[in-house]
S.K.: 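Below: one structure in structure tokens.
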Amino acid sequence: MDLDTFRKSLDDWLDGHADELAPAYPGHGTVELQVEQIAKVRHLTHDAGWARWGWPGQVGGLGGSGLLRAYLSEALSSRDLVESGLYSMPEVLGPSFITFARPELSAAMVPPLLRGDEVWCQGFSEPGTGSNLGMLTCRAARAEDGWRVTGQKVWTSLAQMADRCVLLARTGTLESAHRGITALFVDMATPGISVRPLDTMHGEPEFCEVFFDDVPVPFARTIGEEGQGWAFAMDLLPYERSTALWQRAAFLHRRLQQLVEAAPPGALDPTALGEVAQLVHAFRARSRATQHRLAAGEDLGSVTSIDKVALATVEQAVFDLAEETLPDEVLLAGGPGPERWRKEFLYSRAATIYGGSAEIQRNIIARRLLELGNDR
Ligand SMILES: Cc1cc2nc3c(=O)[nH]c(=O)nc-3n(C[C@H](O)[C@H](O)[C@H](O)COP(=O)(O)OP(=O)(O)OC[C@H]3O[C@@H](n4cnc5c(N)ncnc54)[C@H](O)[C@@H]3O)c2cc1C
């Protein structure tokens with residue numbers, strides 16, 4: 001299906017099913033409610049075929065350009081039907097999983113993810129290694145019948161609700177750095193895994209500490225080959241900094257429009273509004289170009305660090321403007337409004353951290369793209 005036809009037919013379908021798709025809660029909602037809402041929207045859009053376009057046939061998709069699924073996520077985010085960050089998880093984990101996992105594994109596991117029957121989480125960061133991912137220490141030791149995983153992950157989004165975890169573990173020595181890392185696909189119900197939710201600054205337990213105590217993982221659940229975990233992570237991170245951010249751009253565009261509508265007379269500084277509108281537009285243009293390069297089969301790599309820096313700048317600019325314009329709603333807990341502005345303002349502070357911190361992205365841009373020297 002071509003993009004224009006898809007866009008038109010999807011918009012009609014979304015209009016026709018607006019009541020069924022609408023969230024059952026006002027305002028921001030809790031993380032649990034947001035995840036339930038996402039599952040409902042995934043079921044409906046998958047069963048009607050929309051959420052299968054842009055994914056390959058081997059995982060139950062209907063094929064076609066990745067732009068089709070980018071438009072679906074844009075349409076859902078800009079109608080406030082899903083929380084764009086949480087909704088983006090299949091875009092972050094799915095493409096690299098399909099590339100690296102054995103075809104039987106991806107054929108069995110990806111369809112329930114796309115249909116919203118399962119939640120997956122991304123077990124990369126550890127207490128000692130977030131930016132310095134290559135030094136991770138969560139260990140997978142070889143046993144006769146499979147791996148045994150022992151260690152800890154942290155900031156693992158939605159781990160408390162997840163059915164599976166895409167986990168990076170050390171299978172070589174620490175000295176072997178990124179060469180000794182292997183990616184594993186772990187069932188979260190396996191004995192030996194314990195999950196402790198952590199509240200973010202906006203008051204929701206969006207992420208968790210995850211502890212692994214001698215957790216058995218079959219060899220058949222290795223994603224790619226032993227020692228390929230770093231290549232897997234390097235393939236995956238550009239998705240986290242590209243398609244996932246296109247949805248975020250749609251969300252920010254919508255919030256800026258809503259801010260204009262919600263502003264009391266005279267409260268919105270027109271110069272500041274113009275500057276933020278320009279930033280949002282520039283980011284959408286950048287992100288759109290990234291989507292087109294991705295759809296054309298380009299290997300994006302480090303250039304997506306530019307998208308990530310731009311997203312963080314724009315997200316914080318939109319909500320800084322919201323704070324100036326609607327100070328009571330943003331600054332006062334229990335203040336007027338449905339807490340949406342307040343929670344989203346607080347969450348926007350995380351934009352310079354999640355998906356790779358702003359400092360690290362700037363280092364990548366300086367060193368890998370502008371060739372301004374290495375780390376030493
Ligand atoms: C909302 C949210 C959701 C997340 N979800 C997940 C998830 O699902 N799965 C997951 O694995 N992780 C997740 N993360 C973790 C995220 O990827 C890390 O927080 C991030 O990569 C930074 O790592 P860190 O927290 O260990 O900070 P550190 O790496 O300890 O960095 C601390 C500070 O030092 C700076 N810094 C570090 N090294 C350098 C350097 N060489 N040069 C300049 N500055 C440097 C950083 O920029 C940062 O400001 C999430 C984080 C957030 C905020």
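Note that ligands are numbered from 1 as they come in the structure, with each ligand's atoms numbered from 1 the same way.
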S.K.: From R7 CZ over to L72 CG, what is the distance, rounded to the nearest 0.5 angstrom?
M.R.: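 Separation between the atoms: 12.5 Å.
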S.K.: List the atom pairs, donor and acceptor, that lie under 3.5 Å between side-chain atoms in residues 183-192 and the rest of the protein, sequence neighbours left out.
M.R.:
unit_1 : atom_1 : unit_2 : atom_2 : d
D187   : OD1    : R164   : NH1    : 2.6
D187   : OD1    : R221   : NH1    : 2.9
D187   : OD2    : R221   : NH2    : 3.4
T190   : OG1    : D187   : O      : 2.5

S.K.: Regarding atom 8 (O) of ligand 1: of the candidates A162, S157, A159, which has the closest heavy atom?
M.R.: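 Looking at heavy atoms only, S157 sits closest to atom 8 (O) of ligand 1.
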S.K.: Is there a ring-ring contact (aromatic ring centres under 6.0 Å, His included) between W50 and F6 once you walk through the steps?
M.R.: CA-CA 9 Å; W50 304 111; F6 183 82; 5.6 Å; yes
S.K.: Ligand 1 and T156, any nitrogen or oxygen pair closer than 3.5 angstrom?
M.R.: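 In this structure, T156 places no N or O atom under 3.5 Å from an N or O of ligand 1.
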S.K.: Donor-acceptor pairs under 3.5 angstrom involving side-chain atoms of residues 261-285: please list them, not counting sequence neighbours.
M.R.:
unit_1 : atom_1 : unit_2 : atom_2 : d
D269   : OD1    : T271   : N      : 3.1
R284   : NH1    : H253   : ND1    : 3.4
R284   : NH2    : E74    : OE2    : 3.2

S.K.: Polar contacts were defined as any N/O atom of the residue lying under 3.5 Å from an N/O atom of the ligand; does this apply to E126 and ligand 1?
M.R.: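 Between E126 and ligand 1 (N or O atoms, distance only) the closest approach is not under 3.5 Å.
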S.K.: Could you work out, for atom 22 (C) of ligand 1, the closest of G128, A351, S131 by heavy-atom distance?
M.R.: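 Minimum heavy-atom distance to atom 22 (C) of ligand 1 goes to S131.
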S.K.: Quick one: which of I353, I360, N132 has a heavy atom closest to atom 19 (O) of ligand 1?
M.R.: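 Among I353, I360, N132, the closest heavy atom to atom 19 (O) of ligand 1 comes from I353.
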S.K.: Do W55 and P95 have side chains that approach each other closer than 4.5 Å (heavy atoms only, starting at C-beta)?
M.R.: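 Yes, close enough: below the 4.5 Å cut-off.
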S.K.: When you compare ligand 1 with F124, is there at least one nitrogen or oxygen pair between them that comes in under 3.5 angstrom?
M.R.: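 Such a contact does occur with ligand 1.
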S.K.: Does the residue N363 have a heavy-atom contact with ligand 1, meaning some pair of atoms that are separated by less than 4.0 Å?
M.R.: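 It does, in that a heavy atom of N363 comes within the 4.0 Å cut-off of ligand 1.
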S.K.: Decide whether an N or O pair under 3.5 Å exists between E359 and ligand 1.
M.R.: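 So ligand 1 has an N or O lying under 3.5 Å from an N or O of E359.
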S.K.: Hey, looking at atom 7 (C) of ligand 1, which of W155, Y347, F207, W120 has the closest heavy atom?
M.R.: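 Minimum heavy-atom distance to atom 7 (C) of ligand 1 goes to W155.
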S.K.: Does R69 qualify as a cation-pi partner of Y71, given the criterion of NZ or CZ under 6.0 Å from the six-membered ring centre and within 45 degrees of its axis?
M.R.: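 No, a cation-pi geometry is absent between R69 and Y71.
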S.K.: Would a 4.5 Å heavy-atom cut-off, applied to side chains only, mark D145 and F219 as touching?
M.R.: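 No, every pair of side-chain atoms sits at 4.5 Å or beyond.
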